[in-house]
Amino acid sequence: MKDHSSATIREAHPLSISRAGLTWGFLGVLAFSFTVPMTRVAVGAEQMSPLFVGSGRAVVAALLAAAALAVTRQRRPRGREWLSVAVVGAGAVVGFPLLTSFALTEAPARHGAVVVALLPAATAVVAVLRTRERPGRAFWAAAVIGAIAAVSFAALQSGGVSGMRPSDGLLFAAVAVCAIAYAEGGVLSRTLGSWQTISWALVAASPVMTILTGAAVAAQPPSGSVTAWLAFAYLGVVSMFLGFFAWYRGLAIGPLAQVSQVQLAQPVLSIAWAALLLREPITVATALGGGAVIGAALLAVRSRAQRPQGSEGDAERLR
């Protein structure tokens with residue numbers, strides 16, 4: 001029987017598949033790791049309003065998503081899928097960009113990166129609740145430790161719980177709404193497709209984001225430097241669109257449980273970019289806080305991934 005015969009079963013090469021999946025996944029995470037520093041650049045020194053940065057980048061990404069969906073002739077969501085698209089759009093397209101943009105007008109990028117590091121564990125918790133899984137005690141312990149570590153870091157940086165800034169509340173809210181969106185998107189991507197899910201969410205949210213962008217321009221016409229505009233372009237083209245293609249490509253190749261853990265490198269990279277690009281110092285508190293949150297997230301993701309029913313819910317794990 002010839003090698004190219006349809007009846008021939010070719011031998012799988014798990015190592016090469018794993019390398020390909022991890023490579024694509026890391027490219028996606030690398031793209032996302034610039035999001036917090038670039039947002040800080042765009043809204044820093046009042047060059048652009050946070051409303052314009054948060055909504056305008058979604059409009060740019062929506063135009064690209066609409067073109068990709070049209071060129072590849074993807075099917076539209078049906079029935080209850082539209083409700084899931086709305087949830088993804090509300091959290092990942094509207095909530096996360098706007099909340100982080102407003103938060104980073106006050107908080108340093110390194111501070112935001114540590115708080116956002118809670119996102120993988122938060123996504124895993126929401127996915128467990130969404131899919132009615134029953135993970136072990138190790139999962140819940142790791143999730144609780146991660147939350148305590150993130151809150152403690154924010155409190156210590158602000159001089160105590162009573163001194164926590166409004167920006168901390170915005171960052172934690174961003175993590176919450178994005179975790180809900182990622183978990184819901186993980187379920188939806190099983191039927192609609194991975195990159196198609198975020199693309200339809202971008203398109204669905206585009207009318208609202210277009211109105212908000214217009215209002216932002218009317219209230220405060222953007223007049224940023226070349227650097228600020230480049231940062232804005234990066235957020236719209238890469239953070240909210242191209243990064244997802246690489247990320248979902250990696251998840252599709254798999255193994256999913258391993259590739260999803262690559263996202264835990266994102267806060268480390270974000271803190272490094274904040275130091276290199278924004279000259280923000282990496283303090284002992286930042287290193288310890290980031291390490292504690294990332295470690296707890298790693299335990300939560302791994303303890304959940306060990307359960308057969310847990311892996312599918314990670315498919316929408318993102319920024």
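Since the model is a prediction, treat every value here as computed from it, not as a measurement. Note that these values count all heavy atoms, side chains included, but never hydrogens, waters or copies made by symmetry.
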Side-chain donor-acceptor contact under 3.5 Å, Thr39 with Arg57: yes

Set of side chain to side chain contact (heavy atoms under 4.5 Å, CB included) partners for Ala176, sequence neighbours left out: none

Distance (rounded to the nearest 0.5 Å) between Ser239 OG and Phe96 CZ: 9.5 Å

Residues which pass side chain to side chain contact (heavy atoms under 4.5 Å, CB included) with Ile145, listed by chain and number, not counting sequence neighbours: Ala296

Those residues that, when tested against Arg75, pass salt bridge (Lys or Arg N to Asp or Glu O under 4.0 Å) (two or more places apart): Glu81

Residue of the set Pro97, Ser167, Pro50 for which side chain to side chain contact (heavy atoms under 4.5 Å, CB included) holds with Phe102: Pro50

Contact check, side chains of Val217 and Pro222, non-hydrogen atoms, under 4.5 Å: yes

Check: Thr197 and Val88 side chains under 4.5 Å, non-hydrogen atoms: yes

Where Val29 and Ala265 come nearest, the two heavy atoms and their spacing: CG1-C, 4.4 Å

Note, Val43 side chain near Met48 side chain (heavy atom, < 4.5 Å): no

Intermediate values then yes/no, side chain to side chain contact (heavy atoms under 4.5 Å, CB included), Gln266 and Leu119: CA-CA 10 Å; Gln266 183 175 327; Leu119 184 56; over 6 Å; no

Partner set under side-chain hydrogen bond (donor to acceptor under 3.5 Å, both in side chains) for Ser199, not counting sequence neighbours: none

Check: Arg40 and Leu278 side chains under 4.5 Å, non-hydrogen atoms: yes

Inter-residue atom distance Leu188.CG - Ser194.OG, 0.5 Å rounding: 10.5 Å

Those residues that, when tested against Ser33, pass side-chain hydrogen bond (donor to acceptor under 3.5 Å, both in side chains) (two or more places apart): Trp273

CG-CZ distance between Leu171 and Arg165, expressed to the nearest 0.5 angstrom: 9.0 Å

Chi angles and distances behind the side chain to side chain contact (heavy atoms under 4.5 Å, CB included) call for Val237, Leu242: CA-CA 6 Å; Val237 177; Leu242 293 181; 3.8 Å; yes

Ser55 and Thr213: side chain donor to acceptor below 3.5 Å: yes

Test log, rule ring-ring contact (aromatic ring centres under 6.0 Å, His included), inputs Phe245 and Trp195: CA-CA 6 Å; Phe245 277 74; Trp195 69 267; 5.0 Å; yes

same_hphob_cluster(Val87, Tyr182) at 4.5 Å side-chain heavy-atom cutoff: no

Any Val36 side-chain heavy atom under 4.5 Å of Leu104 side chain: yes

Results of side-chain hydrogen bond (donor to acceptor under 3.5 Å, both in side chains) for Thr105 - residues two or more places apart only: none

Side-chain heavy atoms of Phe32 within contact of Leu269, under 4.5 Å: no

Tyr234 side chain vs Ala31 backbone, donor-acceptor pair below 3.5 Å: yes

Identified side chain to side chain contact (heavy atoms under 4.5 Å, CB included) counterpart of Val203 within the set Ile198, Val85, Val93, Leu69: Leu69

Phe52 and Trp229 aromatic ring geometry - parallel, tilted or perpendicular at 30°/60° bounds: perpendicular

Common cluster, Val284/Ile271, ILVMFWY with side-chain heavy-atom separation under 4.5 Å: no

Set of residues satisfying side-chain hydrogen bond (donor to acceptor under 3.5 Å, both in side chains) with respect to Gln196, sequence neighbours excluded: Gln74

Val226: hydrophobic cluster co-members (side-chain, 4.5 Å): Leu230

Beyond-backbone contact of Val177 with Leu99, side-chain heavy atoms, under 4.5 angstrom: yes

Candidate pair Arg110 and Ile282, rule side chain to side chain contact (heavy atoms under 4.5 Å, CB included), full reasoning: CA-CA 8 Å; Arg110 67 178 186 276; Ile282 301 178; 5.9 Å; no

Connected via hydrophobic side-chain network under 4.5 Å: Ile180 and Val187: no

Listed once per pair and sorted, the side chain to side chain donor-acceptor pair (under 3.5 Å) pairs that draw on residues 83-104, sequence neighbours left out: Ser84-Glu184

Met240 reachable from Phe34 in the ILVMFWY side-chain graph, under 4.5 Å edges: yes

Sub-4.5 Å side-chain heavy-atom contact between Leu192 and Arg78: no

Cluster overlap Val208 with Leu98, hydrophobic side-chain contacts below 4.5 Å: yes

Pair listing, side chain to side chain donor-acceptor pair (under 3.5 Å) test, anchored in residues 288-300, at least two apart: none

Side-chain donor-acceptor contacts of residues 60-68 below 3.5 Å, not counting sequence neighbours, with atom names and distances?
none

Backbone N/O of Ala275 and side chain of Glu280: donor-acceptor pair under 3.5 Å: no

Ring pair (Phe, Tyr, Trp, His ring centres under 6.0 Å) pairs, two or more places apart, involving residues 278-298: none

